[in-house]
Amino acid sequence: MTPKSGYTRRNNLLEKLEERRSRMKSETETLQALFAQCVEKQDTPQDEHVYLIGALPIVAGTFDKFDIEYIVDLIIPKTGPNARIGNGGLFKAMAIQVPATGFSSLSKTAEFLTKVDTNVVLGPGVMPEDINRHALSRFLDAVAEYGSMRFFHQVAAHIMSNLEKKVTAVHLDSTSVHFHGSSNENEEGNIAITFGYSRDGHPELPQIIVLGLADHETGLPVSFKGVSGNENDKQSFLTLLEKDADEFKKEFPDVKIVVGDSALCTANIFEAASRADVHLITKMPLTNSVARQYIAEADPEKFTNIYGSENTKSERGQWCPNLKIGSCEVKTLLVENPALREKNRKKYEREAKKEAEKAMKELSSLTRNCTNMEEAKAAADKVQKSLKLCRMESISHEEQWKNCKVGRPRNDKEPEKKLVGIKVTATIVAGEELITKKTELSIRYVIVTSDLATSWTMSDLLTMYRGQKHIESGWKLLKDKRLMLESIYLEKPERIEALMCILYLIVLFLKVAEIVLREGMEKNSLELPPVANEAPAARPTITRLIDYVVNQHITLYKNGSGEVRIFNVNNTLFNIFLAMGAHWLRYYLPQTYGDNRPSEIAGK
């Protein structure tokens, strides 16, 4: 290409670029003018308002049904000339945000409420600016001063009383919530926000541990306690039984059984439970020699199907001799779960493969690390003893020699050599019998109970232990990123504990709403429509209902002439909330928001 042609082409490109810029500028000006006209035409008059309804009635209805706002105001009254909204109303403001947009921080609650008809949802005269970060912080301080655990117990007891449920057995567990900020482990008298074993995959961040108790029959949370982030379960469970059992029993005097995982299985905890007049049901850890003995020496012929099923994958069990844990005698059930056999075998086969690869690398390193035969044999024996799922076969040791001097040796002279290492070769294979044995042992576990007075059947005892899923579902809901918080951004430990108490109470409200939802849908033979590849749900979780409602984009329109319209409530949702009851349905009716005309729900 000649210089002239290159120059011409460059000029042509510049001209085209300038033309494109001019055209884009003209189009932009035209679009801006059109947008200004649209805004002028569609500007909402001052007496017209559009509000969000969405899924907030799911919690608001639960508040109304069980008079939560009134109960909270009785427990922690708020007085003074500026008390336009009480602590119960502040609690409700935080709670209704969760199903609608998810809770993120105190400062964003007031921002969320600008989209809500607070005059109806929270009470006459209540404005979003009344529920600012400072008001919510003072509410958390009031909860902390009253006692977060005590506050939780009283609200939970009120709900259980309204449901006419007697709490006799509870499930105990713990979880962690991480914290963005500095730790306070050196402060005395407070919960330590510090580093510890993380249950949510953030070991690099300080955390707080949350203990919870859930009712066995309903699965509803009934107790809460915050503890330091570095406290292990054995210590925190022991402290709970020694120091907090009396406080819990003030509201739930009928509790006689506490169920938990293997962290409960210590002599001190069993003895503390005995002093608190409760019995324990727990699983023995595999570190316990008696448990290992029962598992290893069990007679396969003595296992019987626990639930009476002929299914070969159904749980089987056999009673073992009673034993002593500390000073407490316990009844012992050995359980075998054949459904886990295939899954566990595949896991151990993968572990065996990794073990073999690691052992081969260690053997190859012996050539340069061992300088004599005895040392090499000892090192190879060490590798062989470390194998848990593999065998080492065809082991051989070969000395590796090298010329002392560099270069070609003289023809008439044998070169001088030196020993540079011992080459160890072997074949490492997966031990099928070892994998089979470990698989068989892994599908067995031992359950114990200190309740010797009850005539336990295998199915009753196992069902009681497996109810541990109730409290685990509560933790799952607490950490659901669509609803709750992923991390804490407060600084004061007492406020952090109070916030966790409030959020765990909201979990309680959501699970209560789930019970009401399922009962109403079953009674009226209703189903939620299928989502993606899922089937229609006759017993949906509360999170599935929330997702469905949020996706409908339900909104409220009001104007100065008294017209009220609610958009996008379809027949399915109307019937579901009708089945749940008036306390939930009312938030989807125009009359609730001041419309005196016959009900008009657009989209229904």
Side-chain angles (χ1 to χ4, degrees), residues 56-79 85-96 98-99 121-123 139-140 142-172 210-226 244-256 470-471 474 477-478 497-520 542 580-584 586:
L56 69 84
I58 293 174
V59 170
T62 308
F63 255 76
D64 299 344
K65 170 69 175 177
F66 295 96
D67 296 316
I68 302 300
E69 184 175 351
Y70 173 72
I71 291 300
V72 172
D73 284 335
L74 283 180
I75 298 173
I76 312 176
K78 185 179 179 182
T79 58
I85 181 170
N87 284 322
L90 293 171
F91 189 6
K92 187 176 183 180
M94 294 177 67
I96 63 174
V98 168
V121 178
L122 298 177
F139 167 55
L140 294 181
V143 172
E145 183 178 355
Y146 186 78
S148 298
M149 174 184 279
R150 183 182 173 199
F151 178 69
F152 192 104
H153 289 166
Q154 293 182 359
V155 175
H158 169 74
I159 289 178
M160 298 304 289
S161 175
N162 275 265
L163 291 173
E164 298 181 350
K165 299 293 184 181
K166 183 182 289 188
V167 181
T168 58
V170 292
H171 294 267
L172 171 62
V210 179
L211 304 183
L213 291 171
D215 174 46
H216 174 72
E217 181 184 353
T218 62
L220 298 176
V222 292
S223 183
F224 157 88
K225 184 183 180 182
D244 303 311
D246 291 341
E247 178 68 34
F248 177 73
K249 282 205 164 188
K250 287 179 183 178
E251 304 298 336
F252 302 100
D254 299 308
V255 170
K256 294 298 180 185
H470 292 319
I471 190 152
L477 197 54
L478 180 67
E497 183 180 14
L499 175 62
M500 295 308 304
C501 170
I502 294 303
L503 293 178
Y504 200 36
L505 277 171
I506 297 173
V507 169
L508 168 60
F509 303 152
L510 289 171
K511 290 182 77 67
V512 169
E514 184 176 85
I515 291 174
V516 176
L517 167 70
R518 289 177 170 179
E519 289 178 350
I542 197 65
M580 289 182 72
H583 294 92
W584 289 270
R586 65 182 291 268

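It should be emphasised that the depicted structure is a prediction, and the values quoted were computed from it without experimental measurement. Numbers here simply count residues along the sequence, with the first being 1. What's counted below: heavy atoms across the whole structure, side chains too, no hydrogens, waters or symmetry copies.
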Residue pairs passing the salt bridge (Lys or Arg N to Asp or Glu O under 4.0 Å) test where at least one lies in residues 57-66, sequence neighbours excluded
D64-K92, D64-R586
Please find the pair of heavy atoms, one from G89 and one from L122, that lie closest to each other, and give the distance.
O-CD2, 4.0 Å
Contact list for residues 510-519, test side chain to side chain donor-acceptor pair (under 3.5 Å), sequence neighbours left out
S473-K511
Which heavy atom of F66 sits nearest a heavy atom of N162, and at what distance?
CD2-CB, 3.6 Å
Could you pull out all residues at least two apart from K256 that satisfy side-chain hydrogen bond (donor to acceptor under 3.5 Å, both in side chains)?
D277
Distance col, row N87:CG vs E69:CD, nearest 0.5 angstrom, shows 10.5 Å
Assess the pair F63 and F91: is the distance between their ring centroids shorter than 6.0 Å?
yes
List for me each residue that meets side chain to side chain contact (heavy atoms under 4.5 Å, CB included) alongside S223, sequence neighbours excluded, and say none if there are none.
H153, L213, F248
L510 side, atom CG; L517 side, atom CG - distance, nearest 0.5 Å
11.5 Å
Is I75 close to R150 at the side-chain level, that is, under 4.5 Å between some pair of heavy atoms?
no
Do any N or O atoms from the side chain of H158 and from the backbone of V72 form a donor-acceptor pair under 3.5 angstrom?
no
Relative to each other, are the rings of F151 and Y146 parallel, tilted or perpendicular (30° and 60° limits)?
perpendicular
How many angstroms lie between CG in L508 and CG in L478, if you round to the nearest 0.5 Å?
12.5 Å
Which value, rounded to the nearest 0.5 Å, describes the distance between I58 atom CD1 and F509 atom CZ?
14.5 Å
Check whether any side-chain heavy atom of L505 lies under 4.5 Å from a side-chain heavy atom of I68, and answer yes or no.
no
Taking side chain to side chain contact (heavy atoms under 4.5 Å, CB included) as the criterion, tell me which of I506, V512, V516 meets it with T62.
V512
Between H171 (side chain only) and A214 (backbone N and O only), is there a donor and an acceptor less than 3.5 Å apart?
no
To the nearest 0.5 Å, what is the distance between CD1 (I76) and CZ (F139)?
6.0 Å
Quick one: does D73's side chain have a donor or acceptor within less than 3.5 Å of a partner on G88's backbone?
yes
Minimal heavy-atom distance between V167 and D215, with the atoms involved, is CG1-OD1, 3.7 Å
Selection residues 160-172 - residue pairs positive for salt bridge (Lys or Arg N to Asp or Glu O under 4.0 Å), sequence neighbours left out
K165-E217
Locate the shortest heavy-atom distance separating A498 from A144; write the atom from each residue and the value.
CB-N, 4.2 Å
CD1-CD1 distance between I515 and I542, expressed to the nearest 0.5 angstrom:
10.5 Å
Note: S148 and C501 closest approach over all heavy atoms is O-SG, 3.3 Å
Residues I96 and P99: closest non-hydrogen pair is O-CD, 3.4 Å
Test side-chain contact (heavy atoms from CB on, under 4.5 Å) on I471 and L172 and set out the steps.
CA-CA 7 Å; I471 190 152; L172 171 62; 5.9 Å; no
Sub-3.5 Å donor-acceptor pair from the side chain of D67 to the main-chain atoms of Y70, do we have one?
no
Who pairs with F152 by ring-ring contact (aromatic ring centres under 6.0 Å, His included), at least two apart in sequence or on another chain?
Y504
